[in-house]
Protein chains: 4
Amino acid sequence: MRGMGKQPVAERTPTRTTRKTRTVPRAVKGTRRRDQEVLDAAAKVFHTRGYADASVQDIADELGILKGSLYHYIDSKEDLLFRLLDETHEEVQAILEEVAALPDLSPLERLREYTRRQVDYTSRNLAKMAIYYHDADQLSDDRRRELTRKRRVHEKFVTDLITQAQERGEANASLDPKVVANCLFGSMIWVYRWYKPGGKLRPTELADTCAEFVLRGVIGDTASSR
Amino acid sequence: MRGMGKQPVAERTPTRTTRKTRTVPRAVKGTRRRDQEVLDAAAKVFHTRGYADASVQDIADELGILKGSLYHYIDSKEDLLFRLLDETHEEVQAILEEVAALPDLSPLERLREYTRRQVDYTSRNLAKMAIYYHDADQLSDDRRRELTRKRRVHEKFVTDLITQAQERGEANASLDPKVVANCLFGSMIWVYRWYKPGGKLRPTELADTCAEFVLRGVIGDTASSR
Amino acid sequence: MRGMGKQPVAERTPTRTTRKTRTVPRAVKGTRRRDQEVLDAAAKVFHTRGYADASVQDIADELGILKGSLYHYIDSKEDLLFRLLDETHEEVQAILEEVAALPDLSPLERLREYTRRQVDYTSRNLAKMAIYYHDADQLSDDRRRELTRKRRVHEKFVTDLITQAQERGEANASLDPKVVANCLFGSMIWVYRWYKPGGKLRPTELADTCAEFVLRGVIGDTASSR
Amino acid sequence: MRGMGKQPVAERTPTRTTRKTRTVPRAVKGTRRRDQEVLDAAAKVFHTRGYADASVQDIADELGILKGSLYHYIDSKEDLLFRLLDETHEEVQAILEEVAALPDLSPLERLREYTRRQVDYTSRNLAKMAIYYHDADQLSDDRRRELTRKRRVHEKFVTDLITQAQERGEANASLDPKVVANCLFGSMIWVYRWYKPGGKLRPTELADTCAEFVLRGVIGDTASSR
DNA sequence: TATGAATGAGGCTTCATTCAT
DNA sequence: TATGAATGAAGCCTCATTCAT
């Protein structure tokens with residue numbers, strides 16, 4: 001953002017300068033809709049080409065406007081990435097909070113529910129999740145660090161549940177909870193790399209199977225070890 | 001070779017056959033010492049910054065030579081990526097073949113061994129594996145397709161073993177083998193994203209735990225399904 | 001547009017349709033004013049330094065813009081060459097067609113008229129013709145082949161007229177029409193190599209003399225052959 | 001020639017440093033032969049790709065040696081061009097001198113002989129002549145100017161003969177001798193652009209026809225002038 | 001808001017040339 | 001002589017961003 005003072009960022013609550021009709025402010029909804037179109041176009045393009053390889057021109061093309069015009073909606077390319085990742089994070093975070101709020105679940109049942117919902121979300125939001133996991137490290141240092149910090153909440157959430165299950169004797173306590181958590185994340189997240197929507201496999205079944213898989217992994221079994 | 005102590009010259013006969021000949025693309029086996037240094041430097045840089053974001057300059061800097069000089073060893077930046085991915089694939093493929101050749105193993109035991117060795121390899125070759133899984137889609141179309149085709153062998157290997165285990169009654173047959181295989185891959189591959197070498201967690205333990213995790217996932221358990 | 005007075009804006013509707021769209025190569029007719037300036041600058045530079053030796057920087061300098069800005073108007077350096085050659089070919093082709101359409105001319109008279117007009121055109125468009133004859137072989141293979149194919153029309157046109165004149169007994173039939181045609185072309189084309197505009201020799205006289213010269217050559221004379 | 005003192009140029013009379021057998025100096029002939037091979041390779045490459053587009057690597061490839069090794073025979077790429085052009089000029093000049101020395105020829109007969117021999121030479125030395133006429137302007141300023149000056153001798157030779165023929169009443173004096181000379185050169189030189197050796201058309205016939213053509217052009221004819 | 005021309009930095013690649021062995 | 005690694009300059013092109021209209 002060369003030679004450009006940090007402007008009052010208009011992202012979510014857009015400052016609008018009335019021009020033609022000074023008396024009739026246009027519905028904020030219109031602006032918000034356009035903003036969302038921009039994000040969606042960016043998600044599609046970043047997913048297809050990768051953030052680093054995608055150009056601002058690509059996104060403008062996707063929207064059917066000119067590159068210069070796009071800068072009415074964004075501050076910079078990285079700003080777009082940030083907003084996308086932020087939006088995704090919010091939604092993923094919401095899932096965690098919903099699951100955390102469910103009453104009367106055992107740690108394992110809560111883990112199953114968490115995995116199920118995350119996989120379901122991922123399989124319905126492939127582009128966004130692909131960017132979330134593939135391109136987050138291209139944020140500016142500050143923002144990247146912050147996002148990493150926010151993600152830790154998920155790690156802690158899962159690791160804690162595993163630990164609790166082990167303490168309750170419901171899971172094999174000989175397995176390192178952190179490693180197990182990462183295995184769980186791997187199975188859960190990897191979906192964005194191989195799932196193709198539109199086929200026979202429905203998001204719900206996929207979510208069930210993945211949850212089943214990781215749950216068995218978490219539980220472990222001394223008997224099975226050879 | 002600016003600022004780089006002359007290293008013990010010995011290893012092999014330094015006969016180098018020209019690569020940059022207009023007509024001969026990438027022939028002649030026998031990658032020599034310097035070639036390997038170049039590959040290593042590239043692996044490091046691509047891992048750190050991502051292929052798309054890394055510049056040829058970065059790699060030259062890493063080697064302590066000028067950008068232009070690097071082109072003695074490579075045809076293009078993408079050529080470097082390809083060679084890296086190719087090398088990695090060979091090694092990963094070798095693991096599969098070793099495991100396939102082990103005598104007298106049940107499908108599940110073979111899966112455990114495959115996972116164990118892959119995780120072990122990954123945790124000892126983080127940079128290369130990170131590039132292998134993160135940047136392969138930035139190859140030229142032809143090369144990307146070929147690599148994708150080669151990777152399918154692994155999918156088939158794992159899926160077949162899962163199917164066999166299910167047929168033998170050693171694994172829960174109600175789970176879709178393809179989904180299960182991808183869950184396995186997820187846990188196994190994801191290691192490149194979170195494992196930090198040099199800590200307490202040794203590659204061997206990690207490999208054991210991951211293998212244990214995915215094996216339990218593959219086996220599944222009707223009783224456990226809620 | 002550094003150091004370049006704002007020129008009288010009028011001419012045409014400055015509607016410019018993007019050219020640099022990733023998908024639309026070089027569509028949309030209606031080269032506008034600035035496009036023509038670019039072509040003219042390129043013609044000047046290519047003529048002066050030769051296509052291979054000229055740099056994009058040279059052309060940008062000629063226009064008073066930055067190198068990068070030039071790419072608003074062109075796709076590549078070779079694209080510029082192509083457009084220049086294409087434009088030239090169109091104009092040269094138009095001459096052929098005009099001459100072919102003239103009614104009631106004998107083959108020889110038609111040849112004279114063709115030569116006269118081509119020489120006249122050449123002497124008034126030295127830069128373009130120099131590029132046309134000097135640098136066409138630096139086009140990409142496809143484009144070069146197409147241009148070569150188009151040029152053949154001229155060869156056939158001239159050779160046919162020569163043959164007709166010979167059949168009518170108006171030209172010495174003992175001379176190979178193809179060789180004669182090439183001699184004619186040589187005299188006619190070579191003008192771009194030696195004619196200096198601004199001197200005493202006017203394009204019209206030059207054209208007359210050249211036409212006279214080649215016509216006598218075509219006619220030949222048995223008596224004169226030693 | 002960066003940071004390299006002008007060395008005693010060894011082109012024609014090669015300074016040799018005896019190395020192995022101090023007593024038996026190798027035949028100078030061997031060195032000369034190698035020099036000629038280098039020139040020939042350069043001629044081939046420059047003809048095929050054009051001087052500006054050809055690389056030193058191309059020439060080394062053609063010779064089957066490495067680029068670095070080539071610099072044992074040349075001072076620079078431009079040096080190669082110069083030697084080639086110089087050699088060509090010598091040979092072309094020799095033709096002029098031979099023709100000038102022929103006794104008892106009328107101006108027209110001398111012109112015919114000059115043209116005939118030049119065309120014959122051109123058709124047998126296409127590569128060298130193509131470079132001579134196509135790439136001479138890429139010499140360094142000094143050398144280019146000198147070559148241009150040398151070429152003027154030919155212009156004067158031909159123009160003088162034309163003038164003499166006109167004064168004798170053997171050629172149409174209403175045509176500007178300089179223009180006529182250039183027409184003659186055009187037909188004569190153009191051969192390098194269209195003649196394909198190995199076909200039916202033999203150099204001798206070609207030379208005869210071209211000479212016939214230009215002679216008729218030089219003679220002109222009042223009757224024919226419309 | 002939209003346009004599109006212009007910027008300027010940076011990226012990939014080529015290449016003539018040098019030089020130690 | 002031959003090699004081949006290295007240099008350093010230059011060339012083509014892309015692209016995020018700005019800005020006047």
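Source: prediction; values computed, not measured. We name chains A, B, ... by the order of the sequence lines, and we start the count at 1 in each one.
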**Q** With the side chain of I65(A) defined as its heavy atoms from C-beta on, choose the nearest nucleotide among dC12(E), dT3(E), dA6(E).
**A**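 The nucleotide sitting nearest to the side chain is dT3(E).
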**Q** In whole angstroms, how far is the P atom of dA6(F) from the CD1 atom of I59(B)?
**A**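 One finds 16 Å between P of dA6(F) and CD1 of I59(B), rounded.
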**Q** Identify whether the distance between the nearest side-chain nitrogen and carboxylate oxygen of R33(D) and E37(D) falls below 4.0 Å.
**A**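 No, R33(D) and E37(D) are not salt-bridged.
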**Q** Within less than 4.0 Å of OP1 or OP2 of dG11(E), is there a side-chain N or O belonging to R49(B)?
**A**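 No, no such contact exists.
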**Q** When you check the phosphate oxygens OP1 and OP2 of dT14(E), does a side-chain N or O of Y71(B) lie under 4.0 Å from one of them?
**A**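 Answer no for this pair, as no side-chain N or O of Y71(B) is under 4.0 Å from OP1 or OP2.
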**Q** For D75(B) and dT14(E), what is the distance between atoms CG and C1' respectively, to the nearest whole Å?
**A**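 Taking atom C1' of dT14(E) as the reference, CG of D75(B) is at 13 Å.
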**Q** Nearest to the side chain of K67(B), which nucleotide is it out of dC12(F), dA6(E), dA10(F)?
**A**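 Of the candidates, dA10(F) comes closest.
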**Q** Could you tell me which residues satisfy side-chain contact (heavy atoms from CB on, under 4.5 Å) with E78(C), sequence neighbours excluded, listed by chain and number?
**A**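 side-chain contact (heavy atoms from CB on, under 4.5 Å) check on E78(C) returns Y51(C), S76(C), L139(C), S140(C), R143(C).
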**Q** Kindly give the heavy-atom pair with the smallest separation between L147(D) and A136(D), and that separation in Å.
**A**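 So the two residues come closest at CD2-CB, 3.9 Å.
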**Q** Using the test salt bridge (charged side-chain N to carboxylate O under 4.0 Å, His left out), find all partners of D86(B) that sit at least two apart in sequence or belong to another chain.
**A**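 Testing D86(B) for salt bridge (charged side-chain N to carboxylate O under 4.0 Å, His left out), a comparison that skips the adjacent residues, returns K150(B).
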**Q** Taking only residues two or more places apart in sequence, or in another chain, which ones meet D58(C) in a salt bridge (charged side-chain N to carboxylate O under 4.0 Å, His left out)?
**A**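 Expected list: R49(C).
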**Q** Excluding sequence neighbours, so at least two apart, what forms ring-ring contact (aromatic ring centres under 6.0 Å, His included) with H134(C)?
**A**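 Checked H134(C) against ring-ring contact (aromatic ring centres under 6.0 Å, His included); matches are H134(D).
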**Q** State which of dG11(E), dA5(F), dA2(F) makes the closest approach to the side chain of H72(D).
**A**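 Of dG11(E), dA5(F), dA2(F), dA2(F) is nearest to the side chain of H72(D).
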**Q** Indicate whether OP1 or OP2 belonging to dA6(E) is found under 4.0 Å from a side-chain N or O atom of R34(C).
**A**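 Result: yes.
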**Q** Rounded to the nearest Å, what distance is computed from the CG atom of residue D61(A) to the P atom of nucleotide dA2(E)?
**A**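 After rounding, the gap between these two atoms is 15 Å.
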**Q** For E62(A), check side-chain contact (heavy atoms from CB on, under 4.5 Å) against everything at least two apart and list the hits.
**A**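 Once residues adjacent in sequence are excluded, the partners of E62(A) under the side-chain contact (heavy atoms from CB on, under 4.5 Å) criterion are A41(A), K44(A), V45(A).
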**Q** When the distance from CD of Q138(C) to C1' of dC12(F) is rounded to whole Å, what number comes out?
**A**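 Going from Q138(C) (CD) to dC12(F) (C1'), I get 15 Å.
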**Q** Considering every strand and a 4.0 Å limit on heavy-atom distances, what is the contact class for A54(C): base, sugar-phosphate, or nothing?
**A**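 Sugar-phosphate, no base atom in range.
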**Q** Can R83(B) and D35(B) be counted as an ion pair, charged N to O under 4.0 angstrom?
**A**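 Salt bridge: yes.
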**Q** Rounded to whole Å, how long is the line connecting atom CD of Q57(C) with atom P of dA9(F)?
**A**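 So the two atoms are 17 Å apart, to the nearest Å.
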**Q** Name the stems that DNA chain F belongs to, where each is three or more consecutive Watson-Crick or G-U pairs with both distances under 3.5 Å?
**A**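 Correct response: E:2-21 with F:2-21.
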**Q** Identify, between G68(C) and K77(B), the residue whose nearest nucleotide on DNA chain E lies closer to the 5' end.
**A**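 The answer here is G68(C).
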**Q** In whole angstrom, give the distance that lies between atom CG of L63(D) and atom C1' of dT3(F).
**A**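 For the pair L63(D) CG and dT3(F) C1', the rounded distance is 15 Å.
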**Q** Under 4.0 angstrom, heavy atoms only, what part of the nucleic acid is S69(A) near: base, sugar-phosphate, or nothing?
**A**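 Touches a base.
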**Q** Can you check the I74(C) CD1 to dA5(E) C1' distance for me, whole Å?
**A**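 Going from I74(C) (CD1) to dA5(E) (C1'), I get 15 Å.
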**Q** Taking the side chain of L66(B) as heavy atoms from C-beta outward, which of dG8(F), dC12(F), dA16(E) is closest to it?
**A**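 Between dG8(F), dC12(F), dA16(E), the one nearest the side chain of L66(B) would be dG8(F).
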**Q** Which residue, L70(B) or D53(C), contacts DNA chain F at a nucleotide closer to its 5' end, judged by nearest heavy atom?
**A**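 It is L70(B) whose nearest nucleotide is closer to the 5' end.
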**Q** Find the distance L80(A):CG to dC15(F):P and express it as a whole number of Å.
**A**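 Roughly 16 Å, once rounded to whole Å.
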